Amino acid sequence: PGNSTFTIAGFGPFGEHTVNASWVAVQELKKLGLGSDVNLHVHEVPVEYQQVQSLVPSLWKQYHPRLVVHVGVSGMATTVTLEKCGRNHGYKGLDNSSFCPDSQCCVVGGPDCINSIIDMESVCKRVNASGLGVAVSVSRDAGRYLCDFTYYTSLYLSHGRSAFIHVPPLGKPYSKEDLGRALQAVIQEMLELMDQAEGKIHCQQHFH
């Protein structure tokens, strides 16, 4: 695979999440790495709509990554949750600077919902079968707050080459080390699936 650059972004503190488990988990992943041939960039994203609108495009421009993986915390999650899609409408929650977009949407005129190119069910099955000790599940609703907003924005810009992973708050039930290992396992499966898909495309090109 030619491009082995990946960008992983967690979120900063908000509300009662004075320490955001997503950023802690991303820093743990950075320590573990994704293998010597993978060029991994990590970023902390502020929980603000306008910051997201300028930061997400800059990640794509700066690194030209093969995939951007966003990680967020969900107070309701008890598993590591893979989000299949981002949604454009319904953003009413105020961010850290008490702002909310007037349009209540991510991209005016954009499709209602954009799916990731990654087959999350397949990733979920493979990680759960690997005996990691951290439960993984799949969701179709990233929650219509900054997580969902960021995911949709990233999916829109990248034509689906983004993924989103929700983690539970630290200690409920997983430690930061558990979450780091889970991110590593999930993202390695995502890369594996991308390699296979691209391999198939190359094979088909040879025959035509």
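As the structure is a prediction and not an experimental result, all values here were calculated from the model. When reading the values below, keep in mind they use all heavy atoms of this one structure, side chains included, and skip hydrogens, waters and symmetry mates.
Using modelled atom types, one side-chain atom of Arg161 and one backbone atom of Arg66 make a donor-acceptor pair closer than 3.5 Å. With Asp148 contributing its side chain and Arg87 its backbone, the two residues share a donor-acceptor pair below 3.5 Å. In this structure, the side chain of Asn128 engages the main chain of Val136 through a donor-acceptor pair within 3.5 Å. Side-chain atoms of Ser4 come within 3.5 Å of backbone N or O of Asp37 as a donor-acceptor pair. Between the side chain of Asn39 and the backbone N or O of Thr5 there is no donor-acceptor pair closer than 3.5 Å. Of the possible donor and acceptor atoms, one in the side chain of Thr81 sits under 3.5 Å from a partner among the backbone N and O of Thr79. Between the side chain of Arg181 and the backbone N or O of Val134 there is no donor-acceptor pair closer than 3.5 Å. No donor-acceptor pair under 3.5 Å is formed between the side chain of Lys30 and the backbone N or O of Ala25. Distance alone, capped at 3.5 Å, places no donor-acceptor pair between the Asp178 side chain and the Tyr174 backbone. Counting only distance, with no hydrogens or angles, the side chain of Asn88 and the backbone of Cys113 share no donor-acceptor pair below 3.5 Å.
Contact check for Tyr151 versus Glu83: side-chain heavy atoms found under the 4.5 Å cut-off. Here the side chains of Val26 and Val69 are not in contact, with every heavy-atom distance at 4.5 Å or above. A 4.5 Å side-chain heavy-atom check between Glu192 and Arg126 finds at least one atom pair inside the cut-off. Within the 4.5 Å cutoff, the side chain of Ile187 has heavy atoms near those of the Ile8 side chain. Glu177 places a side-chain heavy atom less than 4.5 Å from the side chain of Glu28. Between Met194 and Ile118 the shortest side-chain heavy-atom distance falls below 4.5 Å. No side-chain heavy atom of Val68 sits less than 4.5 Å from a side-chain heavy atom of Phe6. Two residues are said to be in side-chain contact when any heavy atoms from C-beta on lie closer than 4.5 Å; Val127 and Gln188 fail this criterion.
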Does the pair Ser139 and Asp141 meet the rule for a side chain to side chain donor-acceptor pair (under 3.5 Å), with working shown?
CA-CA 6 Å; Ser139 150; Asp141 182 0; over 6 Å; no
If you apply the rule side chain to side chain contact (heavy atoms under 4.5 Å, CB included), what do you find for Ser116 with Leu155, and how did you get there?
CA-CA 7 Å; Ser116 172; Leu155 287 164; 4.1 Å; yes
Using side chain to side chain contact (heavy atoms under 4.5 Å, CB included), reason through His43 and Tyr63 one step at a time and then give a plain yes or no.
CA-CA 12 Å; His43 279 269; Tyr63 300 116; 3.2 Å; yes
Could you give me the CA-CA distance, side-chain angles and deciding distance for Leu29 and Val42, then say whether side chain to side chain contact (heavy atoms under 4.5 Å, CB included) is met?
CA-CA 9 Å; Leu29 168 70; Val42 303; 5.7 Å; no
Side chain to side chain contact (heavy atoms under 4.5 Å, CB included) for Lys92 and Arg144? Distances and angles first, verdict last.
CA-CA 8 Å; Lys92 301 184 176 100; Arg144 299 304 193 291; over 6 Å; no
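The OG atom of Ser162 lies 8.5 Å from the CD1 atom of Ile117; values are rounded to the nearest 0.5 Å. Atom-to-atom distance recorded for Leu82:CG and Arg140:CZ is 13.0 Å, nearest 0.5 angstrom. With values rounded to the nearest 0.5 angstrom, Gln62 atom CD is found 9.0 Å from Leu55 atom CG. Atom OG1 in Thr78 sits 10.5 Å away from atom CE in Met76 (nearest 0.5 Å). Note that CG of Leu67 is 9.0 Å distant from OG1 of Thr7, once rounded to the nearest 0.5 Å. Atom OG in Ser122 sits 4.5 Å away from atom CG in Leu193 (nearest 0.5 Å).
Pairing each heavy atom of Ala142 with each of Cys147, the nearest pair is O-CB, 4.1 Å. The shortest non-hydrogen separation linking Gly12 to Glu44 is CA-OE2, 3.2 Å. Across Cys124 and Ser137, no two heavy atoms sit closer than the pair SG-CA, 3.8 Å. Shown here for Val108 and Ser103, the closest heavy-atom pair between the two residues is CG2-CB, 4.0 Å. Pairing each heavy atom of Asp95 with each of Ser97, the nearest pair is OD1-N, 2.8 Å. Considering all non-hydrogen atoms of both residues, Ala21 and Pro168 come closest at CB-O, 3.6 Å.
For His166 and Phe164, the gap between ring centers is short of 6.0 Å. Aromatic pair His70/Phe149: centroids not less than 6.0 angstrom apart.
Evaluated for a side chain to side chain contact (heavy atoms under 4.5 Å, CB included) with Val71, the options Leu183, Val45, Val186, Val80 yield exactly one hit, Leu183.
Under 4.0 Å is where a charged nitrogen must lie from a carboxylate oxygen, and between Lys84 and Glu121 at least one such pair does. Ion pair Glu189/Lys125 not flagged as a salt bridge, since none of the NZ, NE, NH1 or NH2 atoms sits closer than 4.0 Å to an Asp/Glu carboxylate oxygen.
The aromatic rings of Tyr91 and Tyr49 sit perpendicular, their planes meeting at an angle over 60°, well past the 30° parallel limit. Ring planes of His17 and Phe14: tilted class, angle from 30 to 60°.
Under the 4.5 Å side-chain heavy-atom criterion for ILVMFWY residues, no single connected hydrophobic cluster contains both Leu32 and Val123. By the criterion of side-chain heavy atoms lying less than 4.5 angstrom apart, applied directly or through intervening Ile, Leu, Val, Met, Phe, Trp or Tyr residues, Phe11 is not grouped with Leu94; the two fall into different hydrophobic clusters.
A donor and an acceptor atom, one from each side chain of Ser158 and Ser154, are nowhere located under 3.5 Å apart.
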